[in-house]
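Taking it in order: structure first as structure tokens, then the write-up.
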2 protein chains.
Amino acid sequence: MDKAFGVQGGKLVAIVGLGHIGGSLAITLKENGFARYIIGADVSLENLEKAMRRCLIDEAVSLSEALERADLLILAIPVDSMLEVLPEVLDRISEEQVVMDVASTKERLHEAVLSHPRRGRFVSTHPMAGTEHSGPEAAIPNLFDGKCCVFCDVEDSDEDAKVLVEGLYRSIPMQITYLGRAEHDLHTAYVSHISHISSFALALTVLEKEKDEKRIFELASGGFSSTVRLAKSSPDMWTPVFRQNRDKVLDVLDEHINQLARFRTLLIKREFDEIYRLIEQANAIKQILQ
Amino acid sequence: MDKAFGVQGGKLVAIVGLGHIGGSLAITLKENGFARYIIGADVSLENLEKAMRRCLIDEAVSLSEALERADLLILAIPVDSMLEVLPEVLDRISEEQVVMDVASTKERLHEAVLSHPRRGRFVSTHPMAGTEHSGPEAAIPNLFDGKCCVFCDVEDSDEDAKVLVEGLYRSIPMQITYLGRAEHDLHTAYVSHISHISSFALALTVLEKEKDEKRIFELASGGFSSTVRLAKSSPDMWTPVFRQNRDKVLDVLDEHINQLARFRTLLIKREFDEIYRLIEQANAIKQILQ
């Protein structure tokens, strides 16, 4: 445990939204001492109760109370709710407090608070970690360890706010990288959003066929599970992501459909040497993923 | 260890093709005593040497020698080579010997030996296990444990041959299921072949973009790795699979492209309620995958 985050130095952290990400952060920051005390707020009373039962938080509070008491507010809510909650929080936040988010899309959010007088108190981050599960029951330790966290448009945050949130992620530890909001949304469209659409579509393809062929899943093995795993992901989280990153997701989806159409054309024309070459090209992903 | 497969009862097994699957079977059948002695053949001398070095096999032999000596021959070679090797093996196999395959596509293979006088000595199986890795260096223990193995057109095999190969899979143990060859090829197109095309295409989509955006993989996390994992798979194995199962793969690929096009249309029209509903439908995969 870093001494700077010992019991005396630890912060009073409010986590707003106690789902998979908020709940996992709660476990992590309590364990490593970054948080001295964690208060939690959630629009769902059921989630609040679950979070108390699982000891994710020390105390359940309202958003208003969180705003009054916390040194640091962490907003871990779907990106559509973020558009409403972040401006409200900035309206009422003091110069000593900091608010950070963990949202998967950034452009619309940043634009919603661009000229807010308290913009500097907000630090925009996206820890690149998560699973297909959701809710406080899916909160797990070690979800973030060693992963990458993006800070977006960090020059728009006050220096002390930035330093505090960098300290939070380094306490886990996560690797920090800095991107502009547009760049962030483009990159996540490629390495996260399209993977989800691909999985949803793959699941629907096979589920559709299963209506006639009841035994089709008997043969499903690790490879299939791996490619459709993300199809278990929550529509509450993902629909707003696709809404906010619509244009970039559409560009990537078009490219992905084009790549599938290349395979289709080559299959139709029986150009298997070319299919071999495409697979070899795709194999280059080996050098990139460890 | 099952007593029936003790040192005295164990078989002399020849494994032809010492890649990921053949090599992993070698480890498994030696460990559990089903095989008393394993001889191995491979067109690649390098693979044969690696297999000896890793002690996957007791002795390296030619295909001819394998045919002379083995009680059971296991063909674990790409499906295009299967079309040549299986008829040759059946031409020379005795009434006491058995040959089995582990091929991913069945219709063309079965048709190639349909009226062969020794067809009964052949047992057609497809253990539904494997990873994106290939070669003898990728041979691992426990690859098959508890997974499903398909027996195809088992009524075309002699009773004693069938019983022997069922014993092999039960010794692992794997769960056995029985399908016709056309049914097998349809089901694998849905739960295996399309997953691979989807992964290859997704890898190509992102690799293409990486030419301009060098930092795009910094943000790749578990979800992305999961959906593109299969893109590391070998073109030597997969090109012949797509060639042999071309028509069924094309049908599934068309359906998959249609499902992606549904998402695309809904994004274009900003029909996010309908996207929510589609994701909810895709979530039904939860009930099917454990």
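Letters go in sequence order (proteins before strands), and every chain restarts at 1.
Within the 4.5 angstrom heavy-atom criterion, only side-chain atoms of B:Leu253, from C-beta onward, approach chain A. Interface remark: B:Glu210 contributes side-chain atoms only to the contact with chain A (heavy atom separation under 4.5 Å). Of the two parts of B:Arg229, only the side chain, counted from C-beta on, holds a non-hydrogen atom closer than 4.5 Å to a non-hydrogen atom of chain A. Residue contact with chain A, scored on non-hydrogen atoms closer than 4.5 Å, is absent for B:Arg277. Proximity to chain A (any heavy atom under 4.5 Å) is shown, for B:Val206, by both the backbone and the side chain. Residue B:Asn258 does not touch chain A at all, counting heavy-atom pairs closer than 4.5 Å. Using a 4.5 Å cut-off between heavy atoms, B:Ser199 touches chain A through its side chain atoms alone. Proximity to chain A is limited to the side chain of B:Leu230, based on heavy atoms less than 4.5 angstrom apart. With a threshold of 4.5 angstrom between heavy atoms, B:Ser233 approaches chain A through N, CA, C or O but not through any side-chain atom. Proximity to chain A involves both the backbone and the side chain of B:Leu278, based on heavy atoms less than 4.5 angstrom apart.
The minimum heavy-atom distance between B:Thr205 and A:Glu255, with the atom names listed, is O-OE1, 3.7 Å. Shortest non-hydrogen contact noted between B:Glu280 and A:Pro235 is CG-CG, 3.8 Å. Scanning both residues, A:Ser234 and B:Ile279, for their nearest heavy atoms gives C-CG2, 4.3 Å. Counting all heavy atoms, side chain and backbone alike, A:Leu207 lies closest to B:Ala282 at CD1-O, 3.9 Å. For the pair B:Val191 and A:Ile216, the tightest heavy-atom approach, listed with the atom from each and the gap, is CG1-O, 3.3 Å. Considering every non-hydrogen atom in both A:Ala231 and B:Ile285, the closest pair reads CB-CG2, 4.0 Å.
Looking only at heavy-atom pairs under 4.5 Å with chain B, the residue among A:His184, A:Arg270, A:Lys147 that has the most is A:Arg270. Note on A:Leu186, A:Val252, A:Thr131: by heavy-atom pairs under 4.5 Å with chain B, the leading option is A:Leu186. Ranked by non-hydrogen atom pairs under 4.5 Å with chain B, the options A:Thr177, A:Val228, A:Leu204 are led by A:Leu204. In terms of heavy-atom pairs under 4.5 Å with chain B, the best-connected choice from A:Ile275, A:Asp236, A:Asp247, A:Asp273 is A:Asp236. Note: A:Gln281 leads A:Gln281, A:His196, A:His126, A:Glu132 in heavy-atom pairs under 4.5 Å with chain B. Of the listed residues (B:Ala201, B:Cys149, B:Ala284), the one with the most heavy-atom contacts under 4.5 Å to chain A is B:Ala201. In terms of heavy-atom pairs under 4.5 Å with chain A, the best-connected choice from B:Phe272, B:Phe242, B:Phe217, B:Phe224 is B:Phe272.
Rounded to the nearest 0.5 angstrom, B:Gln259 CD and A:Ile197 CD1 are separated by 12.5 Å. Here the CG-CG distance, from B:Leu250 to A:Leu267, works out to 4.5 Å after rounding to the nearest 0.5 Å. Atom CD of B:Glu183 sits about 6.0 Å away from atom CD of A:Glu213, to the nearest 0.5 Å. Summarising the geometry, atom CG belonging to B:Asp254 is positioned 4.0 Å from atom CZ belonging to A:Arg264; distances are rounded to the nearest 0.5 Å. Once rounded to the nearest 0.5 Å, the distance linking CD of A:Glu208 with NE2 of B:His256 reads 14.0 Å.
Between the side chains of A:His187 and B:Glu218, no donor N or O sits under 3.5 Å from an acceptor N or O.
Note on ring orientation: taking the six-membered ring where Trp is involved, the planes of A:Phe200 and B:Phe263 are parallel (angle under 30°, cut-offs 30° and 60°).
Between A:Leu202 and B:Thr227 the shortest side-chain heavy-atom distance does not fall below 4.5 Å.
When atom types are taken as modelled, the side chain of A:Arg246 and the backbone of B:Ile268 share a donor-acceptor pair closer than 3.5 angstrom.
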Evaluate side chain to side chain contact (heavy atoms under 4.5 Å, CB included) for A:Arg215 paired with B:Leu179, printing each intermediate quantity in order. CA-CA 10 Å; A:Arg215 299 177 64 191; B:Leu179 291 176; 3.6 Å; yes

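With a 6.0 Å radius and a threshold of 12 heavy atoms from other residues, nucleotides or ligands, A:Glu155 has its CD atom above the threshold.
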